[in-house]
Amino acid sequence: MNNPYVSGARRLLHHTLRKVFSYFPRPLRFAVYRSFVDCDPKPDKRLVLKIAETKEELEACFRLLHDAYVGSGFMRPDPSGMRVTIYHALPTTTTLCAEFDGEVVGTLSLIRESVFGFPLQSIFDLHAIREEIGQIAEVSALAVHPKFRNTGGMILFPLMKFMYEYCTTFFDTRHLVIAVNPNRIEMYESLLLFERLKENEVENYDFANGAPAVGATIDLHAAPGLFKRVYEKKPRRKNLYVYLMRSRLRNIVMPRRRYFSTNDPVMTPNLLDYFFNQRTRTFENLSEREKGLLHSIYNLPEYKQVLPADLSESNFPSRQRKHQRYSLKCPGIFSVISPEKTDVYALQVVEFSDDGFLANSKVPLPINAWGEARIRLGSEEKSIIRAMAVRGKYNGAHGLYGFRLAEADLPWRKLVGVLKAGAIHEDLDNATRFLPG
């Protein structure tokens with residue numbers, strides 16, 4: 001049993017040391033933080049890093065997060081023993097977990113922008129980041145099991161590497177943003193090279209029980225150069241540049257993807273019902289607008305019975321736009337043949353429908369000109385179709401164009417079918433595995 005007097009003395013000592021440390025020059029403080037880096041290039045084989053996707057894995061992550069937040073004063077204890085937010089219900093959120101010997105000992109969530117926005121956007125202005133090219137994701141819900149918090153980053157650094165690789169390889173993310181307690185911001189600045197957002201500090205962050213918060217961001221495209229400059233002369237186990245960007249951890253289990261999707265939804269109707277209706281009152285406490293948005297995301301019959309009470313026609317008209325559960329990033333080329341020449345344009349298709357698609361282009365495309373589109377839908381799937389750009393806008397560096405198809409081929413129809421009916425990321429693989437063609 002903990003002695004309250006001893007615990008109080010430890011907290012006082014910790015607070016005093018932190019205050020003294022704050023008077024050190026910033027470069028010295030950062031050097032001290034970096035001196036504690038210890039990146040094991042070959043972690044214990046019992047450590048596994050993966051997406052949390054089962055009820056047991058998700059519940060363990062939410063319990064670990066609850067205990068960490070309660071212990072830090074960032075939330076009041078919840079009867080469920082879990083910290084669950086509406087963002088965890090979204091297909092654009094991915095929860096990463098670290099398991100050691102089968103037990104979840106670390107977790108963090110990556111929240112891609114959706115119709116719900118980000119938790120931190122209520123207090124920090126993201127306008128400057130949104131003006132830059134690339135998707136944004138908020139890093140949230142970080143927790144490490146108490147028995148691994150004093151192990152020199154045995155769990156934290158592999159989890160950070162998993163986050164970096166997942167964001168840059170699978171999650172189609174360029175900009176990461178965070179909102180953290182002022183006491184912890186220098187860890188992110190010194191070790192992970194985050195830069196503070198314009199609003200330096202917010203006194204009351206509702207998402208963390210009113211605790212003060214500091215916002216920060218990092219551009220993952222610029223990160224390799226930044227990390228190389230800071231860490232290239234460090235010894236191997238203290239070199240985060242080599243660890244994050246150059247090394248490979250066999251402990252990381254990346255998701256399998258048949259198609260070039262960029263998110264990994266895992267919430268089945270049963271999981272949504274369990275976490276957001278049965279164990280917590282998350283759905284019950286949503287605003288009418290939020291309930292409507294949730295219906296527009298999970299617009300499948302099997303979800304209706306577990307979503308918040310169905311809204312009336314006046315509150316949620318059937319014509320409201322349905323939001324995609326999956327985002328995609330499929331490379332392709334568009335060829336326009338004329339008697340004089342053949343023009344070939346590189347595309348990146350980001351949205352599919354029965355009779356058309358949306359695609360990004362780095363150069364202007366001809367409008368109302370029929371051509372041949374060759375689209376790589378996945379590692380083993382390719383579609384060759386006749387198409388025409390019918391609308392589009394080019395801003396001098398980037399263009400977004402809407403295409404109409406003459407006729408969809410079989411690979412195209414298979415993908416569109418699973419995009420309409422699939423609920424979780426495994427559906428993209430399983431639903432088309434045994435179809436002909």
From [X] atom [atom1] to [Y] atom [atom2], the distance as rounded to the nearest 0.5 Å:
{"X": "T95", "Y": "F62", "atom1": "OG1", "atom2": "CZ", "result": "5.0 Å"}
{"X": "S379", "Y": "R258", "atom1": "OG", "atom2": "CZ", "result": "8.0 Å"}
{"X": "N251", "Y": "F100", "atom1": "CG", "atom2": "CZ", "result": "10.0 Å"}
{"X": "M160", "Y": "L49", "atom1": "CE", "atom2": "CG", "result": "10.5 Å"}
{"X": "Q278", "Y": "L271", "atom1": "CD", "atom2": "CG", "result": "10.5 Å"}
{"X": "H398", "Y": "I133", "atom1": "NE2", "atom2": "CD1", "result": "6.5 Å"}

For [X] and [Y], work out which heavy atoms get closest and say how close.
{"X": "Y298", "Y": "P91", "value": "OH-CD, 3.3 Å"}
{"X": "P158", "Y": "I155", "value": "CD-O, 3.3 Å"}
{"X": "T173", "Y": "I136", "value": "CG2-C, 4.2 Å"}
{"X": "V344", "Y": "S335", "value": "CG2-OG, 3.8 Å"}
{"X": "S80", "Y": "T280", "value": "OG-CG2, 3.7 Å"}
{"X": "A179", "Y": "L120", "value": "N-CD2, 3.8 Å"}

ask   = In this structure, which one of R237, R236, K234 forms a salt bridge (charged side-chain N to carboxylate O under 4.0 Å, His left out) with D38?
value =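 It is R237, the one option of R237, R236, K234 that forms the salt bridge (charged side-chain N to carboxylate O under 4.0 Å, His left out) with D38.
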Got more than 12 heavy atoms from elsewhere within 6.0 Å of [atom1], [X]?
{"X": "K228", "atom1": "NZ", "result": "no"}
{"X": "E232", "atom1": "CD", "result": "yes"}
{"X": "E195", "atom1": "CD", "result": "no"}
{"X": "Q305", "atom1": "CD", "result": "no"}
{"X": "R184", "atom1": "CZ", "result": "no"}

Would you say the side-chain atoms of [X] pair up with the backbone N or O of [Y], donor to acceptor, closer than 3.5 Å?
{"X": "Y326", "Y": "I424", "result": "yes"}
{"X": "H88", "Y": "T85", "result": "yes"}
{"X": "S72", "Y": "F74", "result": "no"}
{"X": "W370", "Y": "A389", "result": "no"}
{"X": "K50", "Y": "V253", "result": "no"}
{"X": "D427", "Y": "A423", "result": "yes"}
{"X": "Y231", "Y": "L191", "result": "yes"}
{"X": "R325", "Y": "K420", "result": "yes"}
{"X": "T262", "Y": "K329", "result": "no"}
{"X": "D78", "Y": "H66", "result": "no"}

Side-chain contact, heavy-atom cut-off 4.5 Å: [X] with [Y]?
{"X": "T268", "Y": "D273", "answer": "no"}
{"X": "V350", "Y": "L328", "answer": "no"}
{"X": "L47", "Y": "L249", "answer": "no"}
{"X": "I51", "Y": "L96", "answer": "yes"}
{"X": "N360", "Y": "L347", "answer": "no"}
{"X": "F357", "Y": "E351", "answer": "no"}
{"X": "I111", "Y": "P119", "answer": "yes"}
{"X": "D101", "Y": "E103", "answer": "no"}

query = On the ring face of F170, is R257 found with NZ or CZ under 6.0 Å from the centre and within 45° of the axis?
reply = no
request  = Determine, step by step, whether I297 and F116 satisfy the side-chain contact (heavy atoms from CB on, under 4.5 Å) criterion, reporting the C-alpha distance in whole Å, the side-chain angles of both residues, the deciding distance to 0.1 Å, and the verdict.
outcome  = CA-CA 11 Å; I297 294 169; F116 280 82; 3.9 Å; yes
task = Given side-chain contact (heavy atoms from CB on, under 4.5 Å), test N263 with F171 step by step and report yes or no.
result = CA-CA 6 Å; N263 63 321; F171 208 43; 4.2 Å; yes
inquiry  = Under 3.5 Å, is there a donor on one side chain and an acceptor on the other for S109 and Y87?
reply    = no
message = For a quick check under 3.5 Å, do T168 and R174 share a side-chain donor-acceptor pair by atom type?
response =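 The criterion, which ignores hydrogens and geometry beyond distance, is not satisfied for R174 and T168.
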For the pair [X] and [Y], find out whether any cationic side-chain nitrogen is under 4.0 Å from an anionic carboxylate oxygen.
{"X": "E113", "Y": "R130", "answer": "yes"}
{"X": "K42", "Y": "D40", "answer": "no"}
{"X": "K304", "Y": "E302", "answer": "no"}
{"X": "R26", "Y": "E189", "answer": "yes"}

ask   = Of all residues at least two apart in sequence or in a different chain, which pass the side chain to side chain donor-acceptor pair (under 3.5 Å) check with E59?
value =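 Checked E59 against side chain to side chain donor-acceptor pair (under 3.5 Å); matches are R63, Y274, R279.
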request  = Name all pairs fulfilling the side-chain hydrogen bond (donor to acceptor under 3.5 Å, both in side chains) condition that reach into residues 382-396, sequence neighbours left out, sorted by first residue then second.
outcome  = S383-D409
task = Please step through side-chain contact (heavy atoms from CB on, under 4.5 Å) for the pair L365 and F403, ending with a clear verdict.
result = CA-CA 11 Å; L365 299 183; F403 283 77; 3.7 Å; yes
request  = Test R112 against T94 for side-chain hydrogen bond (donor to acceptor under 3.5 Å, both in side chains), laying out the working first.
outcome  = CA-CA 8 Å; R112 263 262 293 277; T94 301; over 6 Å; no
task = Could you give me the CA-CA distance, side-chain angles and deciding distance for S247 and K161, then say whether side-chain contact (heavy atoms from CB on, under 4.5 Å) is met?
result = CA-CA 9 Å; S247 65; K161 179 170 177 59; 3.7 Å; yes
